[in-house]
Amino acid sequence: MRWSQTLIPTLKEAPADAEIVSHQLLLRAGLCRKLTGGLYTFCPMGLRVLRKIERIIREEMDRAGALEVLMPALQPPDIWQKSGRYETARDVLYKAKDRSNKEWVLSPTAEEVITTLASTEINSYRQLPLNFYQISVKFRDEIRPRFGLMRAKEFIMKDAYSFDGTDEGAMASYRKMYDAYSRIFARCGLQAFPVEADTGVIGGNYSHEFMVPAETGENEVVYCESGQYSANVEKATSRGPLTPTPTTTTGAAPEKFATPGVVTIDALAAAPYGVSAASQVKTLIYLADNKPVIILVRGDDQLNEAKLAGKLGATAFRPATADEILAVMGARPGSLGAVTATRKALDIRVFADEQLRQARGMTTGANEDGFHLRHVDVERDIKVDVWADLRTVVAGELCVTTGLPLKIRRAIEVGHVFKLGTKYSEKLESSFLDTDGQRRPTVMGCYGIGVTRTLQAVIEQCHDKDGILWPMSVAPYQVLLTPLGAPGTPTAVLAQEYYVQLQAAGVEVLIDDRDERPGFKFKDADLIGIPLRVSIGEKSLAKGEVELKPRGGALRAVPKDKAVDEVLAFVRESLSKLA
Ligand code: ATP
Ligand code: MG
């Protein structure tokens with residue numbers, strides 16, 4: 001391709017609203033343009049990268065035996081009602097109305113549609129296992145679309161859905177996708193690693209997210225340096241807080257004491273009270289499907305909402321507002337407590353973190369503004385309905401497996417594999433006749449890759465101060481030819497010869513045929529990040545040489561007659577490293 005004949009709208013400066021480096025480079029390198037927040041047009045260079053990532057994904061899905069299909073993005077709401085997600089996914093669902101005012105759903109994912117297909121097309125154990133995938137546009141009404149393609153309103157996802165007859169079969173299908181994902185990201189030149197992930201309201205234990213470590217990532221990953229444990233912080237566990245919870249009884253019954261103006265854990269921990277945070281019980285009020293619930297965690301612990309969601313089993317939940325809390329508890333936040341004897345309403349369910357199970361001699365709010373209770377033995381004084389792990393792991397706590405201190409780092413989620421079980425097959429009636437003549441629900445798995453997010457994650461991981469460093473496998477072009485003389489001069493003539501020869505050899509070549517100064521061309525070359533640049537300048541050419549410059553590597557002069565062979569070898573070798 002000739003630079004002068006395509007559209008590569010590079011920018012000197014990043015637009016002000018591009019916060020993270022990959023978003024800036026996406027725009028500066030002319031890969032995409034923003035239509036409006038969360039919606040992007042792919043320019044020719046960006047689309048080439050996207051197609052390459054898609055091709056790698058297709059090859060690996062096909063290799064794993066998955067079958068490509070294409071489902072409608074416009075979906076009838078009734079199947080969403082059947083699965084229950086018309087309600088549970090309501091926040092992210094885009095809806096559209098047609099001329100007769102009938103409502104439609106714009107697909108954020110496609111479990112409902114694929115299971116509908118399975119319900120009519122899968123009938124016998126002889127057909128199983130089956131795995132279907134598609135690469136298509138998805139829509140999500142995100143609360144905060146941001147960071148360019150990372151969190152968009154419309155994006156491209158590869159989604160796959162496996163159907164098996166047994167749990168073991170489903171595990172094998174899961175494993176195949178897990179392995180395929182590892183290969184896909186490696187082939188894209190991306191360091192992505194699997195971490196145990198939260199399964200939220202769906203339940204079950206089999207879920208991994210593929211994470212790309214990055215400061216700008218929206219996820220936190222808890223990991224053990226031994227490599228034996230890594231999990232999304234939403235799911236992570238440890239051997240518990242570093243300071244132990246008090247377990248000694250300090251009094252026969254809770255005792256009220258005055259704490260005027262004290263409404264925080266810290267204030268109660270400070271003089272004159274001196275009640276350590278570890279010996280306080282923090283009381284939080286949430287509304288789960290509009291019903292209040294009380295949540296208890298240790299004073300110095302943070303509630304983990306993802307863990308809570310898994311235990312509540314509610315369609316929707318949120319923290320109660322101060323007014324709602326006052327109505328339910330008779331006191332304001334900062335003075336709340338769950339001690340049974342002091343509670344106004346006793347029909348509110350209490351969820352308590354496991355750390356509090358043996359906690360004795362604790363202090364908590366008295367449900368009366370300006371007062372707290374001490375000598376609280378949690379099991380003795382509070383009627384707990386559900387004990388669960390509800391706390392958020394903190395860096396430095398010890399790994400359950402190895403006992404080593406855990407670390408936390410930020411990461412970008414590029415993929416997610418999930419064992420679904422029979423949740424969707426039961427609700428949308430996908431069943432099969434088993435070997436024994438019994439009809440059983442199919443056992444499903446679902447597997448997503450954010451294709452457009454992956455593209456940007458590659459930039460986030462592969463860049464320097466001057467621009468992008470595309471891995472050869474996904475680069476928009478493999479080689480950039482940069483003649484440095486004016487059109488018609490010997491440098492331009494030789495570049496044209498190379499262009500023809502390399503293209504004939506199957507190399508993807510971009511030639512910078514613009515009538516621009518060398519410095520300008522080099523800046524753009526670094527910015528767009530083609531893996532190998534061949535510069536043809538008058539001075540070197542006088543010595544019979546041209547210059548090869550791998551992006552991010554050292555410049556090397558080669559005899560002009562050897563250049564094509566050297567380029568071919570470089571491209572081949574770079575590709576084989578990512579095969
Ligand atoms: P997140 O936690 O980032 O919102 P998710 O858990 O909702 O993601 P999944 O439903 O598992 O995402 O979707 C599969 C993949 O699609 C994700 O791993 C991610 O790479 C990608 N993805 C999800 N939401 C978006 C979005 N708004 N923009 C771009 N990619 C997305
Ligand atoms: Mg996810």
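Counting from 1, the numbers follow the sequence of the chain as shown. This structure is a prediction, so every number in the text was calculated from the model and none was measured. Start at 1 and go down the list; that is how both ligands and their atoms are numbered.
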*Do any heavy atoms of Leu149 fall under 4.0 Å from ligand 1?*
yes
*Is the NZ or CZ atom of Lys291 positioned over Phe317's six-membered ring, under 6.0 angstrom from the centre and within 45° of the axis?*
no
*May I ask you to list the atoms of ligand 1 that are less than 4.0 angstrom from any heavy atom of Gly415?*
18 (O)
*Which bit of Arg151 gets closer than 4.0 Å to ligand 1, counting heavy atoms only: side chain, backbone, both or neither?*
both
*May I have all residue pairs that pass ring pair (Phe, Tyr, Trp, His ring centres under 6.0 Å) and include part of residues 210-235, sequence neighbours excluded?*
Tyr178-Phe210, Tyr181-Phe210, Phe185-Phe210
*ligand 1-proximal atoms of Glu142, by part, heavy-atom distance under 4.0 Å*: side chain
_Numbered atoms of ligand 1 (with element) below 4.0 Å of His416, judged on heavy atoms_ = 11 (O)
*Lys52: what forms a side chain to side chain contact (heavy atoms under 4.5 Å, CB included) with it, not counting sequence neighbours?*
Gln478, Glu508
*Test item, Met150 contacting ligand 1 (heavy atom, 4.0 angstrom)*: yes
*asked:* Tell me which one of Asp353, Leu284, Asp301 satisfies side-chain contact (heavy atoms from CB on, under 4.5 Å) with Leu390.
replied: Asp353
*Just jot down the ligand 1 atoms closer than 4.0 angstrom to any heavy atom of Val414, in number order.*
18 (O), 20 (O)
*Basic-acidic side-chain contact under 4.0 Å: Lys311, Asp389*: no
